[in-house]
Amino acid sequence: MTPANASPVSLTRHLIEEERRGHICADLRLLLEVAARACKSISVAVGKGALGGVLGEAEAAAGGTSVNVQGEAQKKLDVLSNEILLEANAWGGHLAACASEEMEHCQPIPDAYPRGNYLLLFDPLDGSSNIDVNVSVGTIFSVLRCPDDVGTPCDEHFLQPGTAQVAAGYCIYGPSTMLVLTIGHGTHAFTLDREQGAFLLTRKHMQVPEQTKEFAINMSNQRHWEAPMQAYVRDLLAGREGPRGKDFNMRWIASMVADVHRILTRGGVFIYPRDRKDPGKAGKLRLMYEANPMALLVEQAGGAATNGRDRILDIAPGELHQRVPVFLGSRDEVAEATRYHREHDARA
Ligand code: P6P
């Protein structure tokens with residue numbers, strides 16, 4: 001127990017202590033320091049808002065709005081955040097390659113730099129549609145080991161299950177900027193002290209309450225959901241008069257980082273299910289750089305994460321930008337939602 005008058009532990013000191021405990025090696029520690037430094041730069045850009053000249057949609061070279069590899073409109077801050085994270089010279093010696101929501105294929109670290117042992121995946125600015133209305137957004141990242149004896153890493157080397165992650169985290173750019181991180185020994189939160197320019201440990205071993213009365217979902221998609229999802233939400237909305245026997249509250253920020261941060265802080269269940277709106281897609285959220293890192297953070301905080309049927313971290317990825325349904329948060333509530341889906345499948 002840290003004495004009340006002790007000086008706060010910085011991210012740097014926390015990671016050095018984790019290295020001394022043998023939980024991480026120096027290479028991974030330094031990689032995470034570089035990621036935190038990039039998030040600080042993004043926080044400055046996001047914090048400038050309209051004064052930074054980076055609000056609004058990015059323009060394509062040929063005119064019109066720039067779109068990412070998945071055809072989604074890019075915000076200027078999307079592009080800037082992606083560039084900040086891609087700055088290879090900061091990663092020299094730690095990374096072998098990186099992959100991003102904004103890139104079609106992985107990008108090996110340039111030969112000019114020493115090559116490290118890790119693969120980095122990230123969503124540079126998740127929830128960016130909220131930027132122009134001044135709602136919290138965030139950066140999500142996931143770290144994998146680069147397989148041994150790989151010359152130049154390519155997409156296939158990234159296709160590892162979520163259980164293979166050696167670190168995962170997000171940085172939320174809200175009223176305060178917070179970095180939430182796991183290296184497999186709990187989930188811990190660091191708040192950016194802008195005067196010092198350092199992330200300071202403000203919440204150690206975050207714990208998601210096992211039960212909740214709060215769910216997060218975009219209800220406007222209700223008519224597109226599968227039958228078990230319709231039944232599950234119908235029973236939530238029935239409240240204490242219904243089969244659940246209690247009233248529920250709802251929150252939906254439409255910024256995964258903000259919704260997940262609330263759940264890590266006070267509990268809840270976050271759901272983005274498969275829907276018939278886009279029959280060809282298994283959901284909206286991406287497995288490799290949204291679902292997997294968030295699932296590891298939530299599980300390390302005592303919560304759970306499934307795709308409605310199976311544990312997200314066990315999913316064997318088929319391609320870099322694969323999408324999955326996401327049910328994550330308070331363990332008992334995720335189990336209840338998953339029960340509706342498994343029982344539906346068993347009757348089919
Ligand atoms: P909808 C943001 O675009 C995002 O990827 C997540 O951050 C968020 O949870 C979800 O999509 C919001 O989706 O359909 O409600 O706009």
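As a basis for the values below, the full set of heavy atoms in this structure was taken, side chains included, without hydrogen atoms, waters or symmetry mates. In listed order, ligands and their atoms are each counted from 1.
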* Structure fact -> Looking at L285, I140, I253, N130, the heavy atom closest to atom 4 (C) of ligand 1 belongs to L285
* Structure fact -> The atoms of ligand 1 lying under 4.0 Å from a heavy atom of E290, numbered in the order shown, are 5 (O)
* To do: Please check if atom CZ in R21 has more than 12 non-hydrogen atoms from other residues, nucleotides or ligands closer than 6.0 Å.
  => yes
* Check ligand 1 against F270 and write out every atom of the ligand that is under 4.0 Å from a heavy-atom position of the residue. => 9 (O)
* Answer yes if the ring centres of F199 and H14 are under 6.0 angstrom apart, and no otherwise. => no
* Asked: Under the salt bridge (Lys or Arg N to Asp or Glu O under 4.0 Å) rule, what pairs show up with a residue in residues 289-298, not counting sequence neighbours?
  -> R286-E290
* To do: Say whether K284, considering both its backbone and side-chain N or O atoms, lies within less than 3.5 Å of an N or O atom on ligand 1.
  => yes
* Asked: Any heavy atom of S129 sitting closer than 4.0 Å to ligand 1?
  -> no
* Determine, stepwise, if the pair R194 / L192 fulfils side chain to side chain contact (heavy atoms under 4.5 Å, CB included). => CA-CA 6 Å; R194 295 191 186 280; L192 180 61; 3.6 Å; yes
* When the ring planes of W252 and F270 are compared, do they come out parallel, tilted or perpendicular, using 30° and 60° as the limits? -> parallel
* Would you mind running through ligand 1 and noting each atom that sits below 4.0 Å from a heavy atom of D126? => 5 (O), 6 (C), 7 (O)
* Inspect the surroundings of CG in D155 and state if more than 12 heavy atoms from other residues, nucleotides or ligands are less than 6.0 Å away. => yes
* What atoms in ligand 1 come closer than 4.0 Å to a heavy atom of Y272? -> 1 (P), 13 (O), 14 (O)
* **Sub-4.0 Å atoms of ligand 1 with respect to non-hydrogen atoms of S255** => 7 (O)
* **R203 atom CZ, over 12 foreign heavy atoms within 6.0 Å** => yes
* Asked: Which residue and non-hydrogen atom of the protein lie closest to atom 6 (C) of ligand 1, and at what distance in Å?
  -> M256 N, 3.6 Å
* Would you kindly confirm whether I315 and V298 end up in one hydrophobic cluster when ILVMFWY residues are joined by side chain heavy atoms under 4.5 Å apart? => yes
* Kindly confirm or rule out an N or O of N218 lying under 3.5 angstrom from an N or O of ligand 1. => yes
* Considering distance alone, does some N or O of W252 sit under 3.5 Å from an N or O of ligand 1? -> yes
